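See structure below.
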Number of protein chains: 2
Amino acid sequence: MARPERRTVRDLRKGNRAVLLRALYFVGPTSRHELTALTGLSAATVSNVTGDLLSDNVIVEAGLVDSDGGRPRVLLRVNPVHGYAIGVDVGETHVRVELFDLDMNEKAKAEFALRPGGHEVELVVRHILAGIEAVLADSGVAPGQVLGVGVGVPGIVESGPDALIHAQTFGWDAVPLGALLREGTSLPLYVDNGAKTMGQAELWFGAGRGSRNAVIALIGSGVGASIITDGVTYRGANSSAGEWGHTKIALGGRTCRCGGRGCLEAYIGAEAILERAGLPLDTATEQAQLAELVRSGSPVIDETVEYLGAGLANLINLFNPERIVVGGWAGLTLGHHLLTKIKKAAAENCLTQPFSTASIVLGRLGPDAVALGAATLVIEEFLLNNTTSPAREAAAL
Amino acid sequence: MARPERRTVRDLRKGNRAVLLRALYFVGPTSRHELTALTGLSAATVSNVTGDLLSDNVIVEAGLVDSDGGRPRVLLRVNPVHGYAIGVDVGETHVRVELFDLDMNEKAKAEFALRPGGHEVELVVRHILAGIEAVLADSGVAPGQVLGVGVGVPGIVESGPDALIHAQTFGWDAVPLGALLREGTSLPLYVDNGAKTMGQAELWFGAGRGSRNAVIALIGSGVGASIITDGVTYRGANSSAGEWGHTKIALGGRTCRCGGRGCLEAYIGAEAILERAGLPLDTATEQAQLAELVRSGSPVIDETVEYLGAGLANLINLFNPERIVVGGWAGLTLGHHLLTKIKKAAAENCLTQPFSTASIVLGRLGPDAVALGAATLVIEEFLLNNTTSPAREAAAL
DNA sequence: TGACTTTTTTCAAGATATATACTATGTATT
DNA sequence: AATACATAGTATATATCTTGAAAAAAGTCA
């Protein structure tokens with residue numbers, strides 16, 4: 001029941017513009033000639049549309065390529081300074097704001113520490129707005145050049161103009177973060193769950209590159225997953241899809257911090273691992289503690305690997321992805337030393353056929369990719385709908 | 001990273017034709033005027049395209065509607081006899097072939113019993129081909145009027161021209177059913193997993209109508225799920241998505257017939273329930289046995305409800321659907337008497353927010369909807385790509 | 001019968017992609 | 001140095017498409 005849309009003849013141009021821009025963005029410097037093969041468009045249309053894009057300064061020429069006896073090709077590429085994207089990472093311990101050019105080079109950065117338990121909405125909003133000011137000032141980028149601000153936050157984000165957020169760990173219940181931020185800035189806003197933004201970063205620039213059906217598993221203190229279906233982050237009916245951590249893996253088992261019993265997170269979440277090993281909880285040293293557990297070959301780790309493997313197997317059975325990316329700081333710590341065992345555990349708990357087509361790999365971007373991923377929300381919109389330059393129009397208001 | 005496509009100006013017409021045809025198919029008799037509102041197209045375009053559709057005999061006029069003082073509206077509808085779709089259900093005990101008109105009225109039916117263990121590919125192929133002949137003869141429909149044949153089979157179906165099938169229960173390993181059938185018929189073929197076709201039937205005509213994000217849970221002897229994302233059946237990288245039955249719900253628990261331990265199917269599959277209740281397995285009476293267990297309030301059933309609820313909760317946490325449809329004969333037997341308890345068990349094992357937006361309902365089509373669903377594969381293609389009448393062209397060869 | 005209302009069609013205008021012919025810009029050869 | 005050749009990119013003519021406005025169609029109501 002796929003619904004086709006498209007109406008007017010003008011949408012055609014818009015669509016083809018998006019097709020070309022996307023190709024240029026992900027493939028990199030390319031000639032018009034190659035673009036015809038890449039997109040299936042005729043040479044004439046490529047010439048036309050790239051002409052538009054050039055005169056809008058969205059793309060620029062990027063040198064020539066010698067040919068063996070013909071006119072040399074002119075390479076085209078996205079103009080990295082045509083616009084900028086701001087990514088915000090709202091984490092448990094900090095608010096981080098980063099400004100990127102279109103090549104995703106970080107041009108400026110601002111960070112604010114959060115006290116444990118100090119997650120008042122007003123404070124976070126103030127930090128974000130101050131961060132935006134700061135990165136703009138540092139980089140010398142004018143607000144009109146910013147295509148938008150992506151924000152990655154914990155919890156469930158209901159998409160909509162208000163961007164209602166439900167985040168248990170922050171004590172946020174239906175907080176309209178979008179509306180609050182809009183009072184302080186006129187830049188276009190894109191708010192999403194941080195695990196999803198990080199997943200999108202891995203998908204675009206990390207271990208998930210090029211896959212159309214993938215799951216990015218994120219294992220830190222909490223456990224989540226970002227599900228990619230047909231190349232797009234799947235959000236479900238209310239943007240809460242991917243709550244892998246609280247799926248039941250051992251019905252009636254350990255009590256989870258969500259209150260339920262037998263959740264996957266109660267076994268493979270970092271805090272749960274340390275707790276099961278009888279170690280005291282201390283956010284400052286937990287990473288070292290976990291690393292030590294892994295190094296010493298604790299039996300708790302063996303058990304964790306078993307649960308993790310089964311959890312991944314469940315994802316493979318349900319989603320039949322071509323790739324599973326294991327990320328998050330705890331996931332990376334486990335994975336760096338135990339990937340083979342994890343794969344083995346997954347194989348044992350998974351149907352043969354889907355397992356054989358799914359490759360399990362480690363994340364490549366590290367745990368700090370939330371802000372980068374948030375910025376990709378802006379880029380995603382830019383690649384899809386840039387009739388002329390919507391952000392500028394909006395900013396001009 | 002959604003990839004826009006579309007190229008030429010001709011695709012526009014094709015797309016808008018599909019938009020209108022889909023609207024007419026799912027909304028029913030409608031006037032051109034209403035169609036403009038429904039589709040967002042201009043009145044002129046609606047008039048143009050419906051003109052084409054009328055002259056191609058794809059749609060027909062369906063009476064007038066009085067107006068209060070103006071020209072009466074002419075109702076349009078899909079011409080039910082413009083074409084026909086054949087649906088095939090390959091089950092453990094039978095091969096059933098049904099022929100439907102576009103309104104999904106059954107016009108003819110043929111059924112062949114299969115002996116237990118008698119699932120040789122050649123036999124099944126022979127039955128299917130004989131069934132096609134039979135329903136064509138019975139209904140008097142010419143092969144050229146058949147838009148295609150949809151086939152629902154057990155196991156994993158790799159999409160592709162050969163339609164490779166892996167079905168453990170049938171002892172099929174990479175059986176190229178599509179290729180084999182093509183030797184005996186020139187009709188367009190669409191092969192898919194039977195649980196998915198049944199799910200699509202519920203989605204189109206049953207309890208899933210109108211939902212864009214849904215999961216159809218199918219509980220019979222085996223346990224599976226059909227996942228609907230954005231209104232389309234999600235198949236994953238190799239069409240095996242939705243293997244819910246073999247996800248682990250109790251790591252290290254009961255041994256499943258797949259060989260694994262702790263699979264959901266080992267708890268809520270019909271055979272597993274009977275086995276746990278200490279009853280002898282007998283396919284002839286298992287439905288009655290299960291009903292009796294439910295009626296008598298066996299503790300095994302209570303436990304089953306708990307596992308089923310948790311399994312559904314996992315689906316809700318992962319997919320955040322707006323609707324969960326419980327189907328399959330065992331699912332319906334359980335659901336008819338215990339839906340409240342099942343919902344309660346699901347709520348206890350699910351995050352609050354996604355649970356609150358998911359309604360859990362029972363399937364409406366009964367367990368025999370596999371063939372109907374298989375036929376919807378044909379219709380789906382018809383609604384999407386009917387430039388003139390591809391089936392006729394193909395059949396004319 | 002004529003005014004009015006609502007639906008549907010017609011028609012001219014504007015926009016698009018493509019194919020084909022053409023121009024631009026290099027290398028290879030004489 | 002001049003010419004032929006090869007490849008890249010552009011301009012023009014053509015066929016479609018959607019749309020908005022005007023016109024036509026098909027009724028009701030007084």
Side-chain angles (χ1 to χ4, degrees), chain A residues 4-21 23-24 27 29-56 59-77 387-388, chain B residues 4-21 23-24 27 29-56 59-77 387-388:
Chain A
E5 278 189 31
R6 284 295 156 74
R7 292 175 258 278
T8 162
V9 71
R10 244 159 181 156
D11 295 331
L12 261 187
R13 172 58 69 96
K14 193 180 153 193
N16 284 337
R17 188 176 161 121
V19 166
L20 280 168
L21 191 55
L24 280 168
V27 178
T30 317
S31 72
R32 292 175 180 81
H33 194 71
E34 286 173 286
L35 283 172
T36 63
L38 243 56
T39 61
L41 291 166
S42 71
T45 300
V46 170
S47 188
N48 261 331
V49 178
T50 53
D52 284 3
L53 288 167
L54 277 167
S55 67
D56 288 349
I59 63 175
V60 290
E61 299 191 344
L64 300 177
V65 158
D66 297 353
S67 72
D68 30 315
R71 177 175 172 176
R73 306 177 173 192
V74 177
L75 293 181
L76 301 173
R77 57 166 299 172
T387 34
T388 45
Chain B
E5 280 189 30
R6 281 296 153 73
R7 295 175 255 279
T8 162
V9 70
R10 243 160 181 158
D11 294 332
L12 262 185
R13 172 57 70 95
K14 193 179 153 194
N16 285 337
R17 186 176 162 122
V19 166
L20 281 168
L21 191 54
L24 280 168
V27 177
T30 317
S31 72
R32 293 176 179 79
H33 194 69
E34 285 173 286
L35 282 172
T36 62
L38 243 55
T39 61
L41 291 167
S42 71
T45 299
V46 171
S47 186
N48 264 332
V49 178
T50 52
D52 284 3
L53 288 167
L54 277 167
S55 66
D56 288 350
I59 64 175
V60 289
E61 299 192 345
L64 300 177
V65 159
D66 297 355
S67 73
D68 30 316
R71 175 174 176 175
R73 306 177 174 190
V74 178
L75 293 182
L76 301 173
R77 57 166 300 173
T387 35
T388 45

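Reminder, nothing fancy here: chain letters follow the sequence lines and each chain counts from 1. This is a predicted model, so every value here is computed, not measured.
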Provide the closest heavy-atom pair for [X] versus [Y] in the form atom of the first, atom of the second, distance.
{"X": "B:Thr39", "Y": "B:Ala23", "result": "CG2-CB, 4.2 Å"}
{"X": "A:Arg32", "Y": "A:Val46", "result": "O-CG1, 3.7 Å"}
{"X": "B:Leu76", "Y": "B:Leu54", "result": "CD2-CD1, 4.3 Å"}

How many Å lie between [atom1] on [X] and [atom2] on [N], as a whole number?
{"X": "B:Leu35", "N": "D:dT19", "atom1": "CG", "atom2": "P", "value": "14 Å"}
{"X": "A:Arg17", "N": "C:dA17", "atom1": "CZ", "atom2": "C1'", "value": "17 Å"}
{"X": "A:Arg32", "N": "C:dT25", "atom1": "CZ", "atom2": "P", "value": "12 Å"}
{"X": "B:Asp52", "N": "D:dT16", "atom1": "CG", "atom2": "C1'", "value": "12 Å"}
{"X": "B:Asn48", "N": "C:dT7", "atom1": "CG", "atom2": "P", "value": "19 Å"}
{"X": "A:Leu41", "N": "D:dG9", "atom1": "CG", "atom2": "P", "value": "15 Å"}
{"X": "A:Asp11", "N": "D:dT19", "atom1": "CG", "atom2": "P", "value": "9 Å"}
{"X": "A:Glu61", "N": "D:dT10", "atom1": "CD", "atom2": "P", "value": "9 Å"}

- Do the side-chain N or O atoms of A:Ser47 get closer than 4.0 angstrom to the phosphate oxygens (OP1, OP2) of D:dT10? yes
- Side-chain N or O of A:Asn16 closer than 4.0 Å to phosphate OP1/OP2 of C:dA17: yes
- Message: Nearest 0.5 angstrom please: B:Leu20 CG to B:Leu35 CG, how far?
- Response: 5.5 Å
- Message: Distance check, rounded to the nearest 0.5 Å: B:Leu53 atom CG versus B:Leu24 atom CG?
- Response: 7.5 Å
- Residue met sooner reading DNA chain D from 5', once A:Val9 and A:Val46 are mapped to nucleotides: A:Val46
- Task: Scan B:Asn16, B:Val49, B:Thr36 and name whichever one has a side chain to side chain contact (heavy atoms under 4.5 Å, CB included) with B:Leu41.
- Result: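 So, applying the side chain to side chain contact (heavy atoms under 4.5 Å, CB included) to B:Leu41 and each of B:Asn16, B:Val49, B:Thr36, only B:Asn16 qualifies.
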As a test of reading the structure: which of [options] is closest to the side chain of [X], going by heavy atoms?
{"X": "B:Arg73", "options": "D:dT16, D:dG9, C:dT7", "answer": "C:dT7"}
{"X": "B:Thr45", "options": "D:dT18, D:dT10, C:dT10", "answer": "D:dT18"}
{"X": "B:Thr8", "options": "C:dT18, C:dT9, D:dT18", "answer": "C:dT18"}
{"X": "B:Arg13", "options": "D:dC17, C:dA19, C:dT8", "answer": "D:dC17"}
{"X": "A:Leu12", "options": "C:dT16, D:dG20, C:dT18", "answer": "C:dT16"}
{"X": "A:Arg10", "options": "C:dT9, C:dA15, D:dG9", "answer": "C:dA15"}

- Query: Any side-chain heavy-atom pair from A:Thr30 and A:Arg77 closer than 4.5 angstrom?
  - Reply: no
- Reading 5' to 3' through nucleotides 23-28 of chain D, protein heavy-atom contacts under 4.0 Å coded B for base, S for sugar-phosphate only, - for none: -BBBBS
